[in-house]
Amino acid sequence: MDLRYSPEDDSFRAEAREWLTDQLTGEFAIVRGRGGPGDEHSLFDERLAWERALGAARWTCLSFPHEYGGRDATLLQQVIFYEEYARAGGPGRIGIIGEGLIGPTILHFGTEEQKRRFLPKIASGEDVWCQGYSEPDAGSDLANVQTRAERDGDEWVITGQKIWTSLAHWADWCFVLCRTDRDAPRHRGISYLLVPMRQPGIEIRPIVQLTGTSEFNEVFFDGARTAVDDVLGDVNGGWKVAMVGQQLSFENELVDITETAKKTWRSTDPVTRQRIAGAWIGLRIMRYNALRSLTSMARGDITPETAIHKLYWANFHQQLGELAMDVLGPDAEVVPSGPYELSPAQRLFLYTRADTIYGGSDQIQRNIIGERALGLPSEPKVTA
Ligand SMILES: Cc1cc2nc3c(=O)[nH]c(=O)nc-3n(C[C@H](O)[C@H](O)[C@H](O)COP(=O)(O)OP(=O)(O)OC[C@H]3O[C@@H](n4cnc5c(N)ncnc54)[C@H](O)[C@@H]3O)c2cc1C
């Protein structure tokens with residue numbers, strides 16, 4: 001990949017920067033810098049309005065083709081947009097699962113009818129999506145999903161439990177991995193259903209997290225229904241669909257940490273200064289890792305770079321959370337009496353505990369690197 005910016009890329013950057021700066025210092029100033037890790041609960045209505053304004057100006061789903069609401073943007077333009085978004089203090093995106101996970105999956109596996117029906121509503125911010133993969137006994141071992149779907153005329157009837165379902169309480173739709181053939185081997189017999197969330201057969205129970213808020217949920221399906229055609233890919237071919245996959249920038253958090261340090265004696269403490277410099281270097285390495293991973297994706301290669309990138313950024317971000325606490329010193333351990341309202345640095349620290357779990361735990365990423373990059377023997381697989 002040629003990493004130099006073309007004149008078109010430079011003018012794309014200027015257009016994105018101008019739009020974002022205008023909006024985030026004007027009508028949408030209230031959401032600037034909000035809704036990030038541990039702050040996802042805040043300003044839902046305002047952030048949904050932001051999502052829709054982004055959609056109306058075609059600043060969501062940049063990679064989608066024009067006819068489905070996107071811009072047909074190149075990978076480099078997407079990187080440029082996310083850099084500008086972070087620079088302008090763009091808020092945590094409510095539509096992230098639609099844009100980052102289900103949208104690309106529909107593009108790849110969907111029928112033309114499914115693309116026309118679902119993608120424009122993801123791009124416009126009309127439909128919010130959540131991901132129904134994990135279950136109490138199926139996390140890393142995802143092929144063990146037990147939620148089942150049975151045909152009843154023109155519909156699938158779904159029964160079972162999902163867990164850790166981010167944003168389910170806001171979602172209009174969920175993509176749900178279901179067992180549709182109980183007699184088939186584990187990886188077969190699973191289908192990828194698109195299920196409307198607002199119906200009587202679905203109960204959502206928030207899980208209160210360390211941050212005191214609830215970003216994810218338990219979701220119980222008890223006779224929930226979806227149309228028989230709302231399967232992505234082949235019936236019983238959901239495993240292949242689920243294996244496609246996911247990321248943002250931590251630069252602003254480091255700026256906040258540095259500014260906090262400057263206000264205390266820590267700005268002259270050599271160890272703190274070294275750690276801040278180390279974090280700055282880490283961010284640059286992360287960027288090159290990301291570009292390397294994008295390059296292999298652009299070539300259509302499935303390489304270990306993505307696993308290396310995930311492992312690197314998750315650990316980097318956890319260490320950044322620890323640095324934020326150390327810079328705060330004893331203040332890090334104090335919250336105001338009254339409601340459990342944490343500071344951004346405290347939220348960062350607590351939320352980043354999850355970074356090495358979601359999107360593939362560290363151990364699983366190391367398995368992938370070991371097997372695919374280093375050629376180590378495969379982990380024994382359960383075939384039953
Ligand atoms: C913030 C957050 C948001 C999430 N959002 C969603 C969501 O929206 N939708 C959804 O479906 N899921 C979501 N998840 C769930 C996430 O995908 C799972 O937590 C993850 O897949 C790990 O599964 P598990 O929690 O069941 O842990 P387990 O799979 O039980 O793993 C427990 C531990 O054992 C290790 N381990 C497991 N297997 C192996 C192995 N073969 N070799 C070595 N070590 C192993 C793991 O690395 C981990 O340390 C979210 C999780 C978090 C933390």
Side-chain angles (χ1 to χ4, degrees), residues 35-41 92-103 105 128-147 158 160-178 186-187 190 192-195 197 202 204-221 238-239 241-248 307 310-311 313-315 317-318 321 347-372 376-383:
D39 189 37
E40 306 84 358
H41 59 295
R93 295 273 315 278
I94 285 173
I96 192 77
I97 294 177
E99 173 168 342
L101 292 178
I102 185 65
T105 314
V128 174
W129 283 78
C130 63
Q131 179 194 39
Y133 282 13
S134 306
E135 298 184 3
D137 289 320
S140 306
D141 186 15
L142 197 54
N144 195 39
V145 289
Q146 300 299 323
T147 295
I158 304 148
Q161 183 199 343
K162 295 292 172 180
I163 195 168
W164 320 125
T165 320
S166 302
L167 313 186
H169 51 304
W170 290 337
D172 304 290
W173 286 86
C174 184
F175 45 107
V176 186
L177 278 188
C178 291
R186 281 159 36 105
H187 294 81
I190 294 175
Y192 195 107
L193 301 193
L194 310 177
V195 181
M197 287 296 281
I202 294 184
I204 299 164
R205 295 188 200 157
I207 299 172
V208 180
Q209 294 164 234
L210 264 177
T211 49
T213 57
S214 295
E215 179 255 359
F216 52 35
N217 305 269
E218 293 178 292
V219 179
F220 294 87
F221 296 89
W239 183 252
V241 183
M243 290 299 103
V244 181
Q246 163 186 84
Q247 195 324 22
L248 258 202
K310 167 70 180 53
L311 188 66
W313 76 249
N315 286 275
H317 204 208
Q318 268 186 1
R347 285 196 296 260
L348 173 69
F349 171 69
L350 291 176
Y351 192 88
T352 52
R353 303 287 93 199
D355 286 341
T356 48
I357 303 173
Y358 70 81
S361 70
D362 267 18
Q363 291 79 6
I364 296 297
Q365 302 306 312
R366 289 196 174 97
N367 281 352
I368 294 172
I369 296 165
E371 290 176 21
R372 300 205 195 143
L376 296 173
S378 298
E379 188 179 11
K381 298 272 185 296
V382 181
T383 48

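Here the structure is a predicted model, which is why all the values come from computation and not from measurement. We number each residue from 1, following the sequence as shown. Each ligand, and each atom within it, is numbered from 1 in the order the structure gives.
For ligand 1, the polar-atom distance check finds an N/O of Ser166 within less than 3.5 Å of one of the ligand's N/O atoms. Residue Trp164 has at least one nitrogen or oxygen atom sitting less than 3.5 Å from a nitrogen or oxygen atom of ligand 1, judged on distance alone. Checked by distance only, ligand 1 and Asp362 stay at 3.5 Å or farther apart across all their nitrogen or oxygen atoms. Polar contact check, Ser134 against ligand 1: a nitrogen or oxygen pair lies under 3.5 Å apart. For the pair Tyr358 and ligand 1, the shortest N or O to N or O distance does not fall below 3.5 Å. Checking only distances, Tyr133 does come within under 3.5 Å of ligand 1, N or O to N or O.
Nearest to atom 39 (C) of ligand 1 among the protein's heavy atoms is Ile364 CD1, 3.7 Å. For atom 20 (C) of ligand 1, the closest non-hydrogen atom of the protein is Ile357 O, 4.0 Å. From the protein, the heavy atom lying nearest to atom 9 (N) of ligand 1 is Gln131 O, 2.7 Å. For atom 24 (P) of ligand 1, the nearest non-hydrogen atom of the protein is Gly139 CA, 3.9 Å.
Inter-residue side-chain proximity for Val195 and Trp173 is flagged as unmet; no heavy-atom pair is nearer than 4.5 Å. For the pair Leu194/Trp129, a side-chain contact is recorded, criterion being any heavy-atom separation below 4.5 Å from C-beta on. In this structure, Gln161 and Val219 have side chains that are not in contact, with every pair of non-hydrogen atoms separated by 4.5 Å or more. In this structure, Ile207 and Ser214 have side chains that are not in contact, with every pair of non-hydrogen atoms separated by 4.5 Å or more. Using a 4.5 Å heavy-atom threshold, the side chains of His317 and Leu348 count as touching. Between Leu142 and Tyr133, some side-chain heavy-atom pair lies under the 4.5 Å cut-off.
Counting the atoms of ligand 1 from 1 in the order shown, those under 4.0 Å from a heavy atom of Ala354 are 1 (C), 53 (C). The ligand atoms of ligand 1 that sit less than 4.0 angstrom from a heavy atom of Tyr351 are 1 (C). Residue-ligand proximity, Asn367 to ligand 1, at heavy-atom distances under 4.0 Å covers atoms 40 (C), 41 (N), 42 (N), 43 (C). Close contacts between ligand 1 and Glu379 involve ligand atoms 40 (C), 41 (N), 42 (N) [criterion: under 4.0 Å to a heavy atom].
Side-chain atoms of Asn144 and Gln146 include a donor-acceptor pair closer than 3.5 Å. In this model, a donor atom of one side chain and an acceptor atom of the other lie less than 3.5 Å apart for Gln318 and Thr356.
Atom CG of Asp137 has 12 or fewer neighbouring heavy atoms from other residues, nucleotides or ligands inside a 6.0 Å radius.
Of the protein's heavy atoms, at least one falls inside 4.0 Å of atom 26 (O) of ligand 1. Distance screen at 4.0 Å: atom 46 (C) of ligand 1 has a protein heavy-atom neighbour inside the cut-off. Checking atom 49 (O) of ligand 1 against the protein gives a heavy-atom contact under 4.0 Å. Contact annotation for atom 43 (C) of ligand 1: protein present (non-hydrogen atoms, distance under 4.0 Å).
The CD atom of Glu371 lies 14.5 Å from the CZ atom of Arg366; values are rounded to the nearest 0.5 Å. Note: Asp362 CG to Asp355 CG = 9.5 Å, rounded to the nearest 0.5 Å.
Here Lys162 has no heavy atoms under 4.0 Å from ligand 1, in either its backbone or its side chain. Looking at Phe175 against ligand 1, nothing comes within 4.0 Å, counting heavy atoms.
Annotation: cation-pi geometry not satisfied between Lys162 and Trp164 (NZ/CZ under 6.0 angstrom from ring centroid, within 45° of ring axis).
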* Please lay out, stage by stage, how Phe175 and Ile97 fare under the test side chain to side chain contact (heavy atoms under 4.5 Å, CB included). => CA-CA 10 Å; Phe175 45 107; Ile97 294 177; 3.6 Å; yes

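Comparing Gln363, Gln209, Glu215, Arg366 against atom 35 (C) of ligand 1, the shortest heavy-atom distance belongs to Gln363. Across the listed options Ala138, Ala168, Ser140, Ser140 owns the non-hydrogen atom lying nearest to atom 37 (C) of ligand 1.
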